[in-house]
Amino acid sequence: MEELARRFFPPYRRYLIWGPVTKCLEVGFDLLTPLVIAWMIDSGVNAGDTDVIWQGVGLLAGMAFLGFGVTLICQKMASLASQGVGTDIRAALIEKMGTFSAAELDRFGAPTLVTRTTNDVNQLQLAISMLIRQLIRWPALAVGSVVCALAIDVPLGLVFCVCLPVLAAVFYLVMSRSVPFFAGMQAKLDAIGRLVRETASGVRPIRAFNREAFQEARFREASQEQADMAVGAGRLTALLSPATFLVMNVGIACVLWLGGGSVTAGRLEQGQVMALIGYMNQLLVSIAYIANLVVIFTRAAASAERVEEVLACEPTVTDAGVCEQPTETGAPVLEMERVSFSFPNAGRPALMDVSLVLEPGQSLGVIGGTGSGKSALASLVPRLYDATEGSVRVAGRDVRDLPLSQLRRLVAFVPQRAELVSGTVRDNLRWRGEDATDDELWAALEAAQAADFVRRLPEGLDAPVEPNGRNFSGGQRQRLTVARALVEPSALVVLDDSASALDYATDAALRRALAHLPGSPARLVISQRISTVSSCDQVLVLDQGQVMGLGTHDELLAGCPLYREIADSQLRQEEAA
Ligand SMILES: Nc1ncnc2c1ncn2[C@@H]1O[C@H](COP(=O)(O)OP(=O)(O)OP(=O)(O)O)[C@@H](O)[C@H]1O
């Protein structure tokens, strides 16, 4: 919490100071009210002096009016500070997430990042607003009530002095036991978010496999766990209200009993006893609000911890800076030397001791069964992850020594999952080159075999793309993501199974186009199809993260049993088809 305050409060310091100050004025008016009423009763009503009554009415109206004014000012300051800090925290979270490598994204997971950016920041905004509007008001009103009661009559004021610590003890007991529930509730919300996301994005397979009941049961279980936590916390905090009212009502009874005796003895006026009852009520209301504040701040503390965890997370892939590094002309475009890699928290390595060399303009196919490490290998090139051991070099430089912006210009990467963002086709294509002309976009679409279907769209390049590109077929999405990578020239194009949804003829046309790209970039082509990799200058065969063969198609057919096995089985499938 302190870390967030130190970082995000300074621009809003004036609201955070002047807001509570204006609130203090309001508290002053609240504390004066019972005294004015006591004066009106004792010196006006009981003495039959109507002037005093009218003066009292005027005073009360004036204080109410001024109180209204300062409340409005304080409210405005609270809104400006809480919304401002919340917006700044969200911007910082988004900026931080932008620096995360795939390892950090794996570690947190998307649903919790969404909950932290939305729900947790909302909790913090509420706490800041309460900090300004209520944190001073209610404790000041509680203490002020005790002081005013003591000023009226010391023995009766002592009843207030007993009530306060008893109430504080009740709060401490209840809140110290409910805090763990609030932290748990946020974690359970993450789990619900994850399930909603899975269900929403996987609605088709869920229906196709009749898994609705299973998904529903999981969702019900997660909701029940969250509800149990909330009920546990609610059960404890629900004790607060009756317990405080019990203490306060005993206090009021004592004031009436002792006060009645004092009035009869002529030591106190009736109006003073009424003022004391008024202060007891103010103390009660203050304590009830303080209880609410404790709940809000406890939740906010749990949220602050979750937000701070994201902001404090240092990305494992660090940028080498902004200064472009000279690359070696004539050096291999890609060189891996004894590379091993393990995903964070994974049991066994995804790649073991992989070495390869890809010369400029050449192509390297990578083939292997599912889970053999092909995507892991591809993701090391643009540094989505860093190799655990060994070195990855692009254009003669270790990838860790190249600024990320330079590396990602040298390497055009097409990930396995064809993901588009909402906007237009043009917006999606311009990721590598913001200023790319229409001619350049159409050239990239032609090479990616996507020009035909984009041309058929009524709006062409301005055709809308819905979130996740859901208004395009899987094959169309794949071709658009390939086109996106081809918009600006690069030294190396990495295609991670980017033709899996294409038919054989389109796949072949894509390969031919890639071989004739302007600038002749090298290609790292990952695929499960022999036909896709067989025409590459070299093919790397992976099995469970290990290199089983590296050579031309013919060399591997002759010398790599696994490659021959894959080739035979695919040939048989084609014949059977
Ligand atoms: N984010 C991750 N965290 C932990 N382990 C992972 C992660 N991604 C993949 N793995 C594991 O690493 C191994 C290699 O995965 P990889 O995705 O590289 O395989 P692949 O050859 O590309 O498979 P496919 O052809 O099915 O895409 C697999 O055993 C997989 O279970």
Side-chain angles (χ1 to χ4, degrees), residues 97 100-113 190 194 197-198 201-202 205 313 315-317 334 336 338-356 358 364-390 392 399 411 413-419 474-475 477-478 481-482 485 492-502 507 523-534 536 538-550 556 560 562-563 565-567 569-570 573:
M97 286 176 217
F100 282 174
S101 71
E104 286 74 53
L105 295 174
D106 286 349
R107 181 186 138 197
F108 284 107
T112 176
L113 290 175
D190 281 351
R194 196 166 49 240
R197 202 180 141 103
E198 263 180 31
S201 59
C313 173
T316 42
V317 172
L334 174 67
M336 289 194 179
R338 311 213 62 179
V339 165
S340 295
F341 170 68
S342 297
F343 284 103
N345 306 323
R348 61 180 196 86
L351 291 172
M352 282 170 277
D353 208 17
V354 176
S355 297
L356 59 89
L358 177 57
L364 170 70
V366 181
I367 196 165
T370 54
S372 57
K374 304 183 295 297
S375 294
L377 183 126
S379 63
L380 299 182
V381 185
R383 286 189 79 200
L384 301 185
Y385 296 93
D386 271 339
T388 323
E389 276 172 49
V392 180
V399 284
V411 178
F413 181 67
V414 187
Q416 187 172 28
R417 274 182 63 166
E419 293 193 82
R477 273 202 300 272
Q478 269 194 342
T481 55
V482 173
L492 169 64
V493 183
V494 179
L495 298 126
D496 185 358
D497 216 359
S498 311
S500 59
L502 306 188
D507 182 13
R523 279 98 55 217
L524 181 71
V525 182
I526 288 168
S527 179
Q528 305 226 24
R529 287 187 194 161
I530 285 280
S531 58
T532 304
V533 296
S534 58
C536 291
Q538 297 175 83
V539 182
L540 178 81
V541 187
L542 282 178
D543 185 37
Q544 299 194 33
Q546 282 178 311
V547 176
M548 306 306 288
L550 177 62
L556 289 170
C560 176
L562 178 61
Y563 188 77
E565 199 183 303
I566 299 171
S569 72
Q570 291 190 4
Q573 278 170 19

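All ligand and atom numbering here is 1-based and tracks the order in the structure. Basis for what follows: all heavy atoms, side chains included, without hydrogens, waters or symmetry-related copies.
The N/O atoms of Ser372, backbone and side chain alike, include one that comes under 3.5 Å of an N/O atom in ligand 1. By the 3.5 Å distance cut-off applied to N or O atoms, Phe343 is not counted among the residues near ligand 1. The N/O atoms of Ser375, backbone and side chain alike, include one that comes under 3.5 Å of an N/O atom in ligand 1. Of the polar atoms of Pro344, none of the N or O atoms is found under 3.5 Å from an N or O of ligand 1, judged by distance alone. Polar contact with ligand 1: absent for Ala350 (N/O pair, distance under 3.5 Å).
Using a 4.5 Å cut-off on side-chain heavy atoms (C-beta onward), Leu377 and Leu524 make contact. The side-chain heavy atoms of Tyr563 and Ile367, taken from C-beta on, include a pair separated by under 4.5 Å. Gln528 places a side-chain heavy atom less than 4.5 Å from the side chain of Lys374. Between Tyr385 and Val317 the shortest side-chain heavy-atom distance does not fall below 4.5 Å.
Under a 4.0 Å criterion applied to the non-hydrogen atoms of Gly369, ligand 1 contributes the atoms 21 (O). Listed by atom number, the atoms of ligand 1 under 4.0 Å from Gly373 heavy atoms are 14 (C), 18 (O), 19 (O), 20 (P), 21 (O). Every atom of ligand 1 is numbered from 1 in the order shown, and the set under 4.0 Å from a heavy atom of Gln528 is 25 (O).
The presence of a protein heavy atom under 4.0 Å from atom 6 (C) of ligand 1 is confirmed.
Protein heavy atom nearest atom 25 (O) of ligand 1, with residue, atom name and distance: Lys374 NZ, 2.8 Å. Ranking protein heavy atoms by distance to atom 1 (N) of ligand 1, first place goes to Asp106 OD2, 3.1 Å. The shortest contact between atom 18 (O) of ligand 1 and any protein heavy atom is with Ala376 N, 2.9 Å. Counting only heavy atoms of the protein, atom 13 (C) of ligand 1 lies nearest to Gly371 O, 3.9 Å. Given atom 27 (O) of ligand 1, the protein heavy atom at minimum distance is Gln416 NE2, 2.8 Å.
Considering every non-hydrogen atom in both Ser355 and Leu550, the closest pair reads O-CD2, 4.1 Å. Heavy-atom minimum distance, Asp507 versus Arg529: OD2-NH1, 3.0 Å.
A distance of 4.5 Å separates CZ in Phe108 from SG in Cys313, rounded to the nearest 0.5 Å. In this structure, Phe343 CZ and Thr388 OG1 are separated by 9.5 Å, a value rounded to the nearest 0.5 Å. With rounding to the nearest 0.5 Å, the separation of CD1 in Ile526 from OG in Ser500 is 12.0 Å.
Ligand 1 has no atom lying under 4.0 Å from any heavy atom of Gly368. For the pair Ala102 and ligand 1, no heavy-atom separation below 4.0 Å is found.
Asp386 and Thr316 are not linked by any side-chain donor-acceptor pair at a separation below 3.5 angstrom, with hydrogens and angles left out of the test.
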